[in-house]
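Let me begin by presenting the structure, written as structure tokens, before commenting on it.
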Number of protein chains: 2
Amino acid sequence: MRTRRVTQREIARIAGVSQATVSAVLNGSTSATVRIPPATRERVQRALEQARYVADPAARRLAGLGNKILGVFTYEPAMSVETVDFYGPLLTGIEESAERLGCDLLFLTASPVVGGRRRLLDRRTRFRLADGCLLLGQDMDEQEVAELVAEGYPCVAVGRREEPSIPYVGVDYGALTLELLTRARALGHRRATYLHADRQTPSALDRVEALGRATAGGVLDVRTEIVTDDDLERAARDAAGRGETLVLCENAFTAARVGSALVDDDTVSVAALGETEGHAVAGRQVSGFRLPRTRMAHEALTLLHRIIDGEAAPAKRHRLLPGRVEPGETLRAADGASR
Amino acid sequence: MRTRRVTQREIARIAGVSQATVSAVLNGSTSATVRIPPATRERVQRALEQARYVADPAARRLAGLGNKILGVFTYEPAMSVETVDFYGPLLTGIEESAERLGCDLLFLTASPVVGGRRRLLDRRTRFRLADGCLLLGQDMDEQEVAELVAEGYPCVAVGRREEPSIPYVGVDYGALTLELLTRARALGHRRATYLHADRQTPSALDRVEALGRATAGGVLDVRTEIVTDDDLERAARDAAGRGETLVLCENAFTAARVGSALVDDDTVSVAALGETEGHAVAGRQVSGFRLPRTRMAHEALTLLHRIIDGEAAPAKRHRLLPGRVEPGETLRAADGASR
DNA sequence: CTGAAAGCGCTTACAG
DNA sequence: CTGAAAGCGCTTACAG
């Protein structure tokens, strides 16, 4: 367990100076008074090189310094076979940014899963080792995060949050939803149903709210219906039965299922109000969104870094990035024409 | 930077005991002599709960305890768009295992890149915060790693290593290569060329060595040729010109390029001596290997954990896992028949 | 210009 | 049974 290590004391002995002097050389003499003569400095540097000194991050941390370690807390596994599709581009951005910022990444995979999601504030959680923490996942306990923020611990969520104290970088689902509906209207659609699960996450609310505005504004008349997974196909067929020409779904997975169920009904279009990359029904790209996930990760890590350095004005701690509507092939003209 | 935190001292004050007693309660009284009466214990526990105490990992580490943090050092970026294809399954296994073992993961993304690869033993490297470290990537400085091992720092490489002191979990490229050649022979092939870069990594050596054995053993007569990237297509056409019926490549990328160059020559087969998942030429799955990457990660992390716990007998620190030959569609019968 | 000292939060013998 | 003390390796005022 204990590995024999080179410490500042040892370097000091070699160089014939005090341990504090070694520290001063290493840290570029922060204290204005400390001005070490080049000769001494060189002697210490040589000893440092020769003995391959590496500072103990635990000791630095304990002594109050930043460690350049950024925590990554995911409320569900990020690299699993099921989720890597979605998280992959986020991880890409996270790794790139961390490298650019010269930071290491602490993935908090050990935090125990209680009631289906990881607990952030658990006795065993080691996020405090990190200078700050990135939070990924829909199912976040905002209260818990807010406490952390109130304590002064730097956090950034990926995805919009309701709790105003929580910094975040998210995607503008409202604008995307409106854009997709406008497109649908141009294709001749007038009535649609939105099938969604009963979840109260901020992005889920953003979608529903945008649908409400679209309906009120006369863009498209959208009925919303909460359905369980088992009822999805039934609900989609009911919508078709009522003469609605478009079924909107919460994500690409449910859109693909609905698309399959209605595959031989050319009069009903399907679209997802979420990322649809790589999702197709009968070879047709599912219509929906393209979310700038790599860029989100970049922006989130950069924001986190700024907050840690005390540079981010509170006003700049909330950011919604624009996405792009993916026209796809499952949103067709309302009369069933191919476009 | 500094976040106001609940310490053992504060808990001690609340519970009316000494700080050492709090530590004893937390650590299940290791010292045989310490037997805290249930009443005191409960009082401390309550204070712990109430104040939401979380131990400072830096302090624990400094005091000589393990942190249940496993380092992951990659000699090239693992989550980049280019590499995530290969590393993805490894990351999946790493995350799963870490979760199962109750460990966090420290990705050493900050280590500076010097001369094209990350330096492990650099003053800024923070791997010592981790209880041990997983090493990923071909281009590893074995000498450097051996030093670390000699110091007693627990390390496991993913991929075979020459340096006998370095523990590793790899894939049996030799056996896979032989199996693929045996298959080629059954398909009527007699002469082949192996096009490869001039790299001396252990797995590259394993392949060449297996090809030598196959040639000596009369399985297949394999010429080997070192080529640069620019020369690949030319070398492949030369092989075809010499009447060889099979071009072997080092990896799926070069195999795909060779396959494209020879796409209208039905008499020459192509195969890669590496993972070919997701690689195709003109819609044909590239013939090659399937490597158990997720399982490798599992085994590697488990081995690392054992070494950290001092449980792994040195004899069990080297492990080659079997892979599987992927028949694919670019290795066809030597006479050009479709199979 | 440089050293001695206190302190970061924890563990672990060692005394009472 | 529980507290006082030393020590892990570092930083940072504060004395010389």
Side-chain angles (χ1 to χ4, degrees), chain A residues 1-13 15-44 47-48 51-69 123-124 126 128-129 131, chain B residues 1-13 15-44 47-48 51-69 123-124 126 128-129 131:
Chain A
M1 184 72 280
R2 276 294 65 192
T3 68
R4 193 66 210 114
R5 305 212 34 223
V6 180
T7 69
Q8 290 187 357
R9 184 162 53 182
E10 215 160 320
I11 301 294
R13 199 179 40 71
V17 298
S18 83
Q19 176 261 329
T21 304
V22 177
S23 176
V25 170
L26 281 168
N27 296 297
S29 52
T30 331
S31 249
T33 15
V34 181
R35 210 145 291 153
I36 295 145
T40 313
R41 188 178 292 276
E42 296 241 325
R43 209 142 30 85
V44 172
L48 248 17
R52 292 163 162 285
Y53 173 79
V54 180
D56 185 331
R60 276 175 74 84
R61 178 82 189 151
L62 195 56
L65 251 64
N67 258 336
K68 296 224 155 218
I69 292 177
R123 186 160 322 149
R124 283 156 289 180
R126 280 171 286 252
R128 303 216 182 244
L129 200 51
D131 298 340
Chain B
M1 182 76 278
R2 278 289 67 194
T3 67
R4 192 67 210 115
R5 305 211 36 224
V6 180
T7 69
Q8 289 186 359
R9 184 161 56 181
E10 214 160 321
I11 301 293
R13 200 179 41 70
V17 297
S18 82
Q19 177 261 328
T21 304
V22 176
S23 176
V25 170
L26 280 169
N27 295 297
S29 50
T30 330
S31 252
T33 15
V34 181
R35 210 144 290 152
I36 295 144
T40 311
R41 186 178 292 276
E42 296 241 324
R43 208 142 31 86
V44 173
L48 248 18
R52 294 162 159 288
Y53 173 79
V54 180
D56 184 330
R60 277 176 74 85
R61 179 83 189 150
L62 195 57
L65 253 62
N67 259 336
K68 297 226 153 214
I69 293 177
R123 187 162 321 149
R124 284 157 288 180
R126 281 171 286 253
R128 305 218 181 241
L129 200 52
D131 297 341

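Below, chain A is the first sequence line, B the second, and so on; all start at residue 1.
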For Ala20(B), which residues count as a side chain to side chain contact (heavy atoms under 4.5 Å, CB included) partner, sequence neighbours excluded? Ser18(B)
Base-pairing string, 5' to 3', of DNA chain D - Watson-Crick or wobble, under 3.5 Å, | interstrand: |||.||||||||.|||
Side chain of Val17(B) only, heavy atoms from C-beta on: which candidate in dG9(D), dC10(C), dG3(D) is closest? dG3(D)
Nearest-Å distance for atom pair CZ/C1', residues Arg9(A) and dT2(C): 18 Å
Residue whose nearest DNA chain C nucleotide is more 5′ - Arg43(A) or Gln19(A): Arg43(A)
Examine dG3(D): is either OP1 or OP2 under 4.0 Å from a nitrogen or oxygen in the side chain of Thr21(B)? Give yes or no. yes
Distance check: side-chain N/O of Ser23(B) vs OP1/OP2 of dT11(C), anything under 4.0 Å? yes
Search all heavy atoms of Gln8(A) against all heavy atoms of Leu26(A) and return the closest pair with its distance. NE2-CD1, 3.5 Å
Minimum-distance pair of heavy atoms, taken over all atoms of Ala51(B) and Val6(B): O-CG2, 3.4 Å
Considering only side-chain heavy atoms of Ala20(A), which listed nucleotide, dT12(D), dC10(C), dA5(D), is closest? dT12(D)
Under 4.0 angstrom between Thr40(A) side-chain N/O and dT2(C) OP1 or OP2: yes
Quick one: is Thr7(B) getting a side-chain N or O under 4.0 Å of the dG9(C) phosphate, OP1 or OP2? no
For Ile11(A) and Val44(A), work out which heavy atoms get closest and say how close. CG2-O, 4.3 Å
Just how far, in rounded Å, is P of dG3(D) from CZ of Arg13(B)? 15 Å
Calculate the interatomic distance between Leu26(B) atom CG and dG9(C) atom P; express it in whole Å. 15 Å
Which whole-number value in Å describes the distance from Leu62(A) CG to dC8(D) C1'? 9 Å
Respond yes when some side-chain nitrogen or oxygen of Gln8(A) is under 4.0 Å from OP1 or OP2 of dT11(D), and no when none is. yes
Work out which heavy atom in Leu62(A) is nearest to a heavy atom in Ala58(B); give both atom names and the distance. N-CB, 4.3 Å
With a 4.5 Å cut-off on side-chain heavy atoms, are Val22(B) and Leu48(B) touching? yes
If you assign each of Gly16(B) and Ala59(B) to its closest nucleotide in DNA chain D, which residue comes earlier from the 5' end? Gly16(B)
What is the separation between atom CD1 on Ile11(B) and atom P on dG9(C), rounded to the nearest whole Å? 13 Å
Judged by atom type as modelled, is there a donor-acceptor pair below 3.5 Å linking the side chain of Arg43(A) to the main-chain atoms of Ala15(A)? yes
Does dG9(D) have its OP1 or OP2 closer than 4.0 Å to a side-chain nitrogen or oxygen of Arg60(A)? no
Given atom CG of Asp56(B) and atom P of dT11(C), what is their separation to the nearest angstrom? 10 Å
